[in-house]
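Given the structure is predicted, the values throughout are model-derived calculations rather than measurements.
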Amino acid sequence: MQFTSEQRLDDGVLEREFTLGEIPGTLWTPESAAPAPLILMAHNNGLPKGQARLVARARHTAAYGYAVATIDAAGCGDRPRSAAEEQARADLRRAMQAGEPVDEIFESFIGPLVEKAAPEWQTTLDALLSLPEIGSRVGYSGWMALGIRLAVVDPRITAAGFFAGGFVPRAQREEAPQVTVPLLLLLQWDDEGNPRQRALDLFDAFGTKEKTLHANMGGHTGTPWFELEDTHRFFARHLK
């Protein structure tokens with residue numbers, strides 16, 4: 001892991017860009033002498049690590065005493081994309097805008113994206129846990145499909161916070177009963193891009209005995225800011 005830049009933010013959080021082979025990432029660490037618990041923060045469906053809402057959540061979370069890391073995994077963010085991936089993205093946008101069925105297009109695009117992204121997140125986690133400023137307890141926050149996969153294959157994930165869930169590949173829906181870590185799901189009740197009942201069915205399928213559902217009125221980007229405070233309390237119960 002090579003750090004390529006750093007800046008100290010007004011609240012004392014240290015923000016550093018890094019590369020790990022071909023993987024670009026960002027790490028935020030709090031101003032603390034003790035090793036901080038780590039939260040892996042992934043945006044939905046390959047959006048870039050520099051997306052404004054993700055960066056705002058990451059900085060706010062780090063200020064609460066967590067180390068927070070995000071990456072552009074293969075096919076995500078500014079990483080190279082194949083012509084087939086770009087065509088699938090365009091087909092998915094067109095179908096959703098037209099109100100047409102999207103499941104098969106979604107499977108052909110998101111399924112392989114999850115399969116490629118999960119190993120790179122695990123490689124990143126290996127490197128992060130070797131840093132002296134990062135503790136051993138690890139949480140995950142963000143993109144549900146990837147989070148399900150990581151929670152199933154990587155025992156280092158201690159707790160997970162997921163968003164939405166209306167569209168998740170079949171492979172991850174089938175893996176949901178194997179997710180046994182404490183879980184918090186945030187659901188926007190009027191999310192135009194995530195069928196509500198499918199999200200509720202997936203929540204019911206998770207195998208963990210400790211799962212909490214927070215549902216708020218509004219569309220996909222309308223999650224109330226106070227939910228971030230509740231998410232901090234959730235992770236504090238399981239990571240600190």
Side-chain angles (χ1 to χ4, degrees), residues 1 18 20-21 23 25-30 34-46 49 54 57-58 61-62 64-76 110-165 168-186 202-213 231-240:
M1 175 177 284
F18 66 83
L20 183 61
I23 305 169
T26 309
L27 173 64
W28 296 265
T29 48
L38 173 65
I39 296 177
L40 305 177
M41 193 169 286
H43 215 314
N44 285 5
N45 301 351
K49 66 182 180 63
L54 183 147
R57 284 196 296 119
T61 301
Y64 267 71
Y66 300 95
V68 182
T70 189
I71 65 171
D72 280 342
C76 300
I110 300 299
L113 195 64
V114 171
E115 290 301 316
K116 290 189 295 184
E120 292 203 348
W121 276 93
Q122 289 185 283
T123 298
T124 304
L125 180 55
D126 292 340
L128 290 169
L129 291 178
S130 71
L131 299 176
E133 62 267 38
I134 293 181
S136 60
R137 299 184 70 79
V138 181
Y140 173 91
S141 177
W143 180 15
M144 184 184 288
L146 175 64
I148 292 172
R149 184 68 181 146
L150 288 176
V152 169
V153 302
D154 200 316
R156 295 173 293 184
I157 304 296
T158 303
F162 295 153
F163 300 135
V168 170
R170 281 188 293 268
Q172 277 64 64
R173 293 201 301 269
E174 292 170 358
E175 287 180 323
Q178 301 176 52
V179 175
T180 57
V181 299
L183 172 66
L184 172 64
L185 172 60
L186 300 182
L202 186 56
F203 177 78
D204 191 49
F206 285 119
T208 180
K209 294 182 179 179
E210 184 175 343
K211 53 186 174 181
T212 301
L213 172 67
T231 299
H232 293 332
R233 285 190 285 270
F234 167 77
F235 281 121
R237 290 196 299 273
H238 303 292
L239 301 183
K240 291 187 174 182

Closest approach of [X] and [Y], non-hydrogen atoms and distance?
X    : Y    : value
A67  : L27  : CB-CD1, 4.5 Å
L185 : A164 : CD1-O, 3.5 Å
L128 : A69  : CD1-CB, 3.5 Å
K116 : A74  : CB-CB, 4.2 Å
V68  : A62  : CG2-N, 3.9 Å
A42  : L146 : CB-CD2, 3.8 Å

Item to check | Derivation of the side chain to side chain contact (heavy atoms under 4.5 Å, CB included) call for L239 and I39 | outcome: CA-CA 9 Å; L239 301 183; I39 296 177; 3.9 Å; yes

Can you tell me how far the [atom1] atom of [X] sits from the [atom2] atom of [Y], to the nearest 0.5 Å?
X    : Y    : atom1 : atom2 : result
S141 : F163 : OG    : CZ    : 4.0 Å
L186 : M144 : CG    : CE    : 9.0 Å
L131 : M1   : CG    : CE    : 6.0 Å
F18  : T124 : CZ    : OG1   : 5.5 Å
W143 : R149 : CH2   : CZ    : 12.5 Å
L150 : W121 : CG    : CH2   : 8.0 Å

Do side-chain atoms of [X] reach the backbone of [Y] as a donor and acceptor pair under 3.5 angstrom?
X    : Y    : result
R173 : V168 : yes
K211 : L184 : no
T70  : M41  : yes

Find out whether [X] and [Y] are in side-chain contact, i.e. whether some heavy atom of one side chain is under 4.5 Å from a heavy atom of the other.
X    : Y    : value
F206 : I148 : yes
L183 : E210 : no
Q172 : V114 : yes
P182 : H238 : yes
V153 : Q122 : yes
V152 : V179 : yes
R156 : L129 : yes
D154 : V138 : no

Checklist entry - Cation-pi between K240 and Y64: NZ/CZ under 6.0 Å from ring centre and within 45° of the ring axis? => result no

Checklist entry - side chain to side chain contact (heavy atoms under 4.5 Å, CB included) between H232 and T61: does it pass, once the steps are laid out? => result CA-CA 7 Å; H232 293 332; T61 301; 3.2 Å; yes

Next on the checklist: With ring-ring contact (aromatic ring centres under 6.0 Å, His included) as the criterion, how do Y140 and F235 come out once you've worked through the C-alpha distance, each side chain's angles and the decisive distance to 0.1 Å?
Outcome noted: CA-CA 9 Å; Y140 173 91; F235 281 121; 9.1 Å; no

Item to check | Polar contact flag, side-chain donor to acceptor under 3.5 angstrom, E175-Q178 | outcome: no

Item to check | Candidate pair L40 and I157, rule side chain to side chain contact (heavy atoms under 4.5 Å, CB included), full reasoning | outcome: CA-CA 9 Å; L40 305 177; I157 304 296; 4.2 Å; yes

